[in-house]
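Labels below follow one simple rule: chain letters A, B, ... track the order of the sequence lines, proteins then strands, and each chain is numbered from 1.
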Amino acid sequence: ETGVTQTPRHLVMGMTNKKSLKCEQHLGHNAMYWYKQSAKKPLELMFVYSLEERVENNSVPSRFSPECPNSSHLFLHLHTLQPEDSALYLCASSNSDGYYGYTFGSGTRLTVV
Amino acid sequence: RKEVEQDPGPFNVPEGATVAFNCTYSNSASQSFFWYRQDCRKEPKLLMSVYSSGNEDGRFTAQLNRASQYISLLIRDSKLSDSATYLCNTGRRALTFGSGTRLQVQP
């Protein structure tokens, strides 16, 4: 596998469910990111991990919980979500300062019912 | 002021036209700049990188104007397949993206 891989591609969950999104990068990058993109809206940065340490958390509700066990893997744990959380969740990776740009995964399209 | 600002468009142009988008940024310390292309319901993909004054790749030219703090993307001989949203990014650690400029190339 190459690049940034996200699973699942699609997810439908109830408001009382708990689920996790997974991201894996095979690029040797040491920074990983979670983004949310709602329909016809800009990318919203959620979390930044650099060298497995969370360095940014953009006022994201606690029902979203990230985990970065190593520099290649990133998770987003979801619980008690709201319908307005339905969106495309994108993972990206880069070298530590993003100097050479960012590589995105294909995203998980999440629907909360 | 937002860190990165783009004209949202849409830009509707005929095939074969030349079109240009601008992206202004507020952080004068930014060292690298990028244009990404995002198709509907897909992830952004890196289109061009700019580290000094500019970069050219086929029909695409990106220019950097540090004095006025903007980057531009010029597309010559537009194709139908160029229809997409174009995002700019200053490559900062915070991963700051503009909201995107939508291009629609018409036959």
Show every donor-acceptor pair shorter than 3.5 Å between a side-chain atom in residues 60-67 of chain B and any protein atom, with sequence neighbours excluded, or say none if there are none.
from, atom 1, to, atom 2, distance (Å)
Thr61(B), OG1, Arg76(B), NH1, 2.9
Thr61(B), OG1, Arg76(B), NH2, 3.3
Asn65(B), OD1, Ala67(B), N, 3.2
Asn65(B), OD1, Ser68(B), N, 2.8
Arg66(B), NH1, Ser30(B), O, 3.0

**Prompt:** Quick check: does any side chain N or O of Tyr100(A) sit under 3.5 Å from a backbone N or O of Ser49(B), one acting as donor and the other as acceptor?
**Reply:** no
- Hey, does the side chain of Tyr99(A) reach the backbone of Gln31(B) with a donor-acceptor pair shorter than 3.5 angstrom? no
Same apolar cluster: [X] and [Y], side chain cutoff 4.5 Å:
X	Y	answer
Phe97(B)	Tyr70(B)	no
Phe11(B)	Leu47(B)	yes
Tyr35(A)	Tyr102(A)	yes
Leu90(A)	Tyr33(A)	yes
Leu88(A)	Val12(A)	no

Inset, instruction - Calculate, to the nearest 0.5 Å, the distance between atoms CD and OG1 belonging to Glu43(B) and Thr103(A) respectively. - result: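 Atom-to-atom, Glu43(B):CD and Thr103(A):OG1 are 10.0 Å apart.
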* Between Arg102(B) and chain A, which part of the residue has a heavy atom less than 4.5 Å away: side chain, backbone, both or neither? ->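 Contact with chain A involves no heavy atom of Arg102(B) at all.
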Against chain B, residues from residues 106-113 of chain A with at least one heavy atom under 4.5 Å, in numeric order, are Ser106(A), Arg109(A)
(Q) For a quick check under 3.5 Å, do Gln37(A) and Gln38(B) share a side-chain donor-acceptor pair by atom type? (A)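 Gln37(A) vs Gln38(B): donor-acceptor pair found between side chains.
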Does the ring-ring contact (aromatic ring centres under 6.0 Å, His included) test come out yes or no for Phe34(B) and Phe104(A), once each step is laid out? CA-CA 14 Å; Phe34(B) 306 94; Phe104(A) 286 84; over 10 Å; no
